[in-house]
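A quick write-up on the structure given underneath.
All of these numbers come straight from a predicted model, not from anything done at the bench.
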Amino acid sequence: MTMTVLKTKWRVAALVVFVMLRSVRLSTAWLDLPTCRAPLGMNSKDITDDQLEASSIYLNDVMFYGPQNARLNLELGSGAWCPVSAAPEVDGRYEFLQVNFHNVTVMTALSTQGRWYLGDGREFTRKFRLEYARDQRWRRYRDSLQNEVFDGNWDPNSINTLHLFPPIIAKQLRVVPVVEIVSSVCMRIELYGCLWEDHLVYYNMVEPDLRGEYAFDDDTYDGFASGDGRLINGLGQLTDGNLGSSNYRLSPANFPAGYEWVGWRNSTHLNPVLVFKFDSLRNFTSLAFRTNNFFSKDVEVFKAVEVYFAQEEGQYSTRAIHWNIPQDSQHEDARWVTVNLQNRLARFIKCRLRHRNKWILISEVSFASNPVENYVRPPLTPFPARPSTTTPVKHDTTTASKPSSTPDISRIPIGNPNGTLDNNDLNVKPTENVTSEPASNHSSTIVAIMVALLLLAVLIFAVCLCLYRRKYINLKHSMPAVFYDKQANGSVVNNSRGVTMPSRRMNPTYQIPHPDDEPQYHVIDNMQESEDESTGIYAEPETSGSTPKKGSQSDLLAHYAETDLMVTIQGVSGNTLYGVPSQAMEKLNNNRSPVPEFPREKLKFLELLGEGMFGEVHLCEAEDIHDYIRNGFPFQNKNKGEKTLVAVKMLRKDANKNARTDFMKEMKIMSQLRDPNIVRLLAACTEDEPLCMVVEYMEFGDLNQYLYESEAQWTVAPTGATNIRVLTLGALIYMATQIASGMKYLASLNFVHRDLATRNCLMGQCFTIRIADFGMSRNLYSGNYYRIEGRAVLPIRWMAWESILMGKFTNKTDVWAFGVTLWEIMTLCKEQPYSQLRDEEVIENSGQFFEKSGSPTLLAPPPHCPKDVYDVMLRCWRREPSDRPSFQYLFTLLQAKNLGYEPPVPV
């Protein structure tokens, strides 16, 4: 009888352990590849017809050849999706079948099939590639061996299955037929995978290190290298479900040594930082790292991790979690390290790993969380909360045990299923050695202290208000700015919290502000903020005597009175637009804009380029647009049915009155700009909602990406390779000359651009350049902008010192930005300006210009840049605006330097 009872108890205990291990795997939601293989719904039609689209359809017959027929093993319509005719990819144009998921999905396999249709159709796709998108950016898929093109079918009816490693984590997928000659292709597909349960959008981190022959890179990371040693806006090996082996030297066949692990050495990246962004505000219960502990080879589990939480990007709470991990010098097994996140609410999580040995290696990261619904953020208190008597929460484990194969959450409390805050989230309580005392013993003391603090706060407020009214009443309608404090010898961002915000390059995703989205900052002692004042980056005209007296801060503030002479407009596509003289704007308001109306149905939307607070910018094809243009715009294609690549600025239907007014002003301004090097407004769609502007777009996109994907002639070995785009010095100077010409035209109208950079220049055939204004709307360039108080964003690395410190924008500040743009061109955009400086250090460096005896840091000469070209840059960066050259001078100088150069003739 006793033995029976013992057996029963052991069975119950074993069942409890099994249930705990099962709950651990589900709670951490790490990607378990063997179980993520379910059909996603093409054959079953769980993926509905509305979720399918395509680039084109054979004979434009949607019923018989449309994407809804691209379902594996089903004979629908004429048997498959069939594009008009697949052709080799030229200038980024190609055929594709697109699947749009409702949520971010993990795809681990793809099956393809051709068209049989009772034997009458025998088209199939021999080769294909894949593209995917989690946000607004399309990425080209590369497998773990860096292959981009994959085998399809060799007959119309058989099925070929491609196993995706690493898996694709995306909300949209494109299957792109790859052909060498124009041919007829058809396709049916099925996708396999599962729902992405981590809800992670991207992670940022410092670039991993190499260890001899072992590469601890994140080989499958699909984001960007920021230029300052960071990887941003991507997912990769830390989320691919591939758990690295305990011996990091044992990599799978055909893979580089150390492939499964991402790691950092303490001598190059001490205590690396990782930042994680999620798709919404979530209630986090745990975080798990898959770590290596091969201590005999100087690799150990990190000593501790600090976890910071933020509901808005960059605004991390000081209430961090410090989690200590015990040392294990007995077992070299890889293991999960799990951190209790205490049901904290966040959308951004930052982790700092503390080295214990020479190396930290990680192969996977996973989170357990619940969604937060109907959350209302509590209002800020009017004065600082009473300092806590407890130290930051620290956790430690006192015993080391042999690691398990799954994360251990035995010490993690069960999360609130409703995703709401509980008392434990509001007040962190020590877990041991805590004794409570009756509150009545200290109640009178606490009340006295609170009353004293309140009276002190009221007194300080009254003094500041008097100073404001006496000393700065003339600044009531002025533009906020960043001022330099000579005594503090550093930058000060004057905002309502009185702090300098962290570097925008840590988390580069940004929100485009709008005049109605009032930034929460003000000038010096100004304690009142007006909701009616426009606080966008403004511009002012050049006037004689506009240069401030050296060393006089009161004179600097006086420049804010000049803003009434300029009209600034919130652009649909970004934070900045041309500054326009008030008198010129009045004339434009009295004139009817000569923009032709274009039929909305003739626009085919291809790609979302970016978006602002109240608008979006789309890449589109416009059919027969040359029939509607009456302003002499030269089109290359004038045959009936020809399509022209355009950018469409679209105002959202829910835009407020101010946004609609700015949209019409922007349209009138754009319609007046007629220069070969300024992007042109072609037409508009204003007869119904949403309002649209149809703007010229160039074949090769923005100049920044074009240069980055090219190589300078002096860096390429003479091997005769034809797959590299090589640019000569003459071509680079020719590009800069065109930008100077376009800016010369704007300066002649007394317009101020305010955001000149290669990202805002478009590249066409024969190295033709057009200056545009919507580069900022693209998340790709969010790291180039610095956010003040979470909203206003400034391209400080391109801004003149007086723009940063005084809010002053003139044609001479555009000249400064041109110097930085010329520097970008000569470096082929391989490096961000001032990449060695953090954003705050860039602002502090501007303060060195303000001081008469300052010693500011300038951008170094680009490699192989001619001395006379670098001298042009130095002239643009002179301290006194009046000492900088005009755009007329810059254009003449560069044109003379490039005499004899001829751009290539179009093929």
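Using the six-membered ring where Trp is involved, Tyr706 and Phe700 have ring planes that are tilted, between 30° and 60° apart. Ring geometry for Tyr141 against Tyr132 counts as perpendicular: the plane angle is over 60°, on a 0 to 90° scale with 30° as the lower cut. Between Phe150 and Phe128, the ring planes are tilted. Angles from 30° to 60° get that label.
With respect to the salt-bridge test (charged N to carboxylate O, under 4.0 angstrom), the residues Arg126 and Asp151 do not qualify. Salt bridge annotation for Asp222-Arg134: present, with a cationic side-chain nitrogen under 4.0 angstrom from a carboxylate oxygen. With respect to the salt-bridge test (charged N to carboxylate O, under 4.0 angstrom), the residues Asp49 and Arg71 qualify.
Looking only at distances, no side-chain donor or acceptor of Arg37 sits under 3.5 Å from a matching main-chain atom of Gly193. Between the side chain of Thr105 and the main chain of Asn103, a donor-acceptor pair closer than 3.5 Å is present. Listed for the Asp702 side chain is no donor-acceptor partner under 3.5 Å among the backbone atoms of Cys761. Checking side-chain atoms of Lys649 against main-chain N and O of Cys692 turns up no donor-acceptor pair under 3.5 Å. Asp143 contributes a side-chain N or O that, together with a main-chain N or O of Asn147, makes up a donor-acceptor pair within less than 3.5 Å. Judged purely by atom type and a 3.5 angstrom limit, Asp240 has no side-chain atom pairing as donor or acceptor with the backbone of Phe165. When atom types are taken as modelled, the side chain of Gln51 and the backbone of Asn100 share a donor-acceptor pair closer than 3.5 angstrom. In this structure, the side chain of Tyr203 engages the main chain of Gly236 through a donor-acceptor pair within 3.5 Å. For Glu180 (side chain) and Pro88 (main-chain N/O), no donor-acceptor pair under 3.5 Å exists by modelled atom type. Between the Glu95 side chain and the Pro83 main chain, no donor and acceptor come within less than 3.5 Å of each other.
Residues Pro690 and Lys653 share a closest heavy-atom pair of CD-CE, 3.9 Å. The two residues His102 and Lys171 come nearest to each other via the heavy atoms O-CE, 3.2 Å. A pairwise comparison of heavy atoms in Val176 and Phe96 identifies CG2-CB, 3.9 Å as the closest pair. Residues Leu97 and Ala70 share a closest heavy-atom pair of CD2-CB, 3.6 Å. Of all non-hydrogen atoms in Ala133 and Ala170, the two that sit nearest each other are O-CB, 3.5 Å.
Side-chain contact between Arg770 and Glu696 is present, with heavy atoms from C-beta onward closer than 4.5 Å. The side-chain heavy atoms of Met650 and Val617, taken from C-beta on, include no pair separated by under 4.5 Å. In this structure, Ser710 and Val726 have side chains that are not in contact, with every pair of non-hydrogen atoms separated by 4.5 Å or more. Gln68 places none of its side-chain heavy atoms less than 4.5 Å from the side chain of Lys45. Within the 4.5 Å cutoff, no side-chain heavy atoms of Tyr221 are placed close to those of Pro166. Contact of the Leu681 side chain with the Leu673 side chain is not registered, since no non-hydrogen atoms from C-beta on lie closer than 4.5 Å. Looking at Trp196 and Asp198, their side chains come closer than 4.5 Å, going by heavy atoms from C-beta outward. Using a 4.5 Å heavy-atom threshold, the side chains of Asp675 and Ile771 count as separate.
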Tell me, with the steps shown, if Arg230 and Asn204 meet side chain to side chain contact (heavy atoms under 4.5 Å, CB included).
CA-CA 7 Å; Arg230 294 186 58 82; Asn204 299 343; 3.6 Å; yes
Derivation of the side chain to side chain donor-acceptor pair (under 3.5 Å) call for Gln113 and Asn73:
CA-CA 8 Å; Gln113 191 178 28; Asn73 282 330; 3.3 Å; yes
Q) When you look at Met187 and Ile189, which way does the side chain to side chain contact (heavy atoms under 4.5 Å, CB included) test go after all the steps? A) CA-CA 7 Å; Met187 181 174 284; Ile189 67 170; 3.6 Å; yes
Steps toward salt bridge (Lys or Arg N to Asp or Glu O under 4.0 Å) verdict (Arg188, Glu123): CA-CA 11 Å; Arg188 289 179 283 178; Glu123 295 89 352; over 6 Å; no
### Worked check of side chain to side chain contact (heavy atoms under 4.5 Å, CB included) between Thr125 and Val175
CA-CA 11 Å; Thr125 303; Val175 185; over 6 Å; no
| request: Could you give me the CA-CA distance, side-chain angles and deciding distance for Glu621 and Tyr697, then say whether side chain to side chain donor-acceptor pair (under 3.5 Å) is met? | output: CA-CA 10 Å; Glu621 285 182 342; Tyr697 196 81; over 6 Å; no
- Please lay out, stage by stage, how Thr112 and Asn153 fare under the test side chain to side chain donor-acceptor pair (under 3.5 Å). CA-CA 7 Å; Thr112 61; Asn153 303 98; 3.0 Å; yes
task = Please lay out, stage by stage, how Ser111 and Glu190 fare under the test side chain to side chain donor-acceptor pair (under 3.5 Å).
result = CA-CA 5 Å; Ser111 293; Glu190 179 62 276; over 6 Å; no
Point to revise | Trace of the side chain to side chain contact (heavy atoms under 4.5 Å, CB included) decision for Leu703 with Asn760 | key: CA-CA 8 Å; Leu703 179 59; Asn760 268 324; over 6 Å; no
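Checked against Cys620 for a side-chain contact (heavy atoms from CB on, under 4.5 Å), the options Leu645, Thr644, Val648 give a single hit: Val648. Of the candidates Lys127, Arg142, Arg129, Arg139, Glu148 forms a salt bridge (Lys or Arg N to Asp or Glu O under 4.0 Å) with just one, namely Arg142.
With values rounded to the nearest 0.5 angstrom, Glu689 atom CD is found 13.5 Å from Arg652 atom CZ. Atom OG1 of Thr768 and atom CG of Asn677 lie 8.5 Å apart (nearest 0.5 Å). Rounded to the nearest 0.5 angstrom, Asp218 CG and Thr239 OG1 are separated by 8.0 Å. Atoms OG1 and CG, on Thr220 and Leu235 in that order, are 9.0 Å from each other to the nearest 0.5 Å. Rounded to the nearest 0.5 angstrom, Leu162 CG and Met107 CE are separated by 12.5 Å. To the nearest 0.5 angstrom, Met763 atom CE is 11.0 Å from Asn704 atom CG.
SG distance check for Cys82 and Cys186: under 2.5 Å.
Cation-pi geometry between Arg174 and Trp138 is satisfied (NZ or CZ under 6.0 Å from the ring centre, within 45° of the ring normal).
The local environment of OH in Tyr58 is sparse, with at most 12 non-hydrogen atoms from other residues, nucleotides or ligands closer than 6.0 Å. Atom NZ of Lys604 has more than 12 heavy atoms from other residues, nucleotides or ligands within 6.0 Å. Heavy-atom contacts from other residues, nucleotides or ligands closer than 6.0 Å to CD of Gln146 number more than 12.
Between His618 and Phe605, the ring centre distance stays below 6.0 Å.
No hydrogens or angles considered: nothing links the side chains of Asp50 and Thr48 as a donor-acceptor pair under 3.5 Å.
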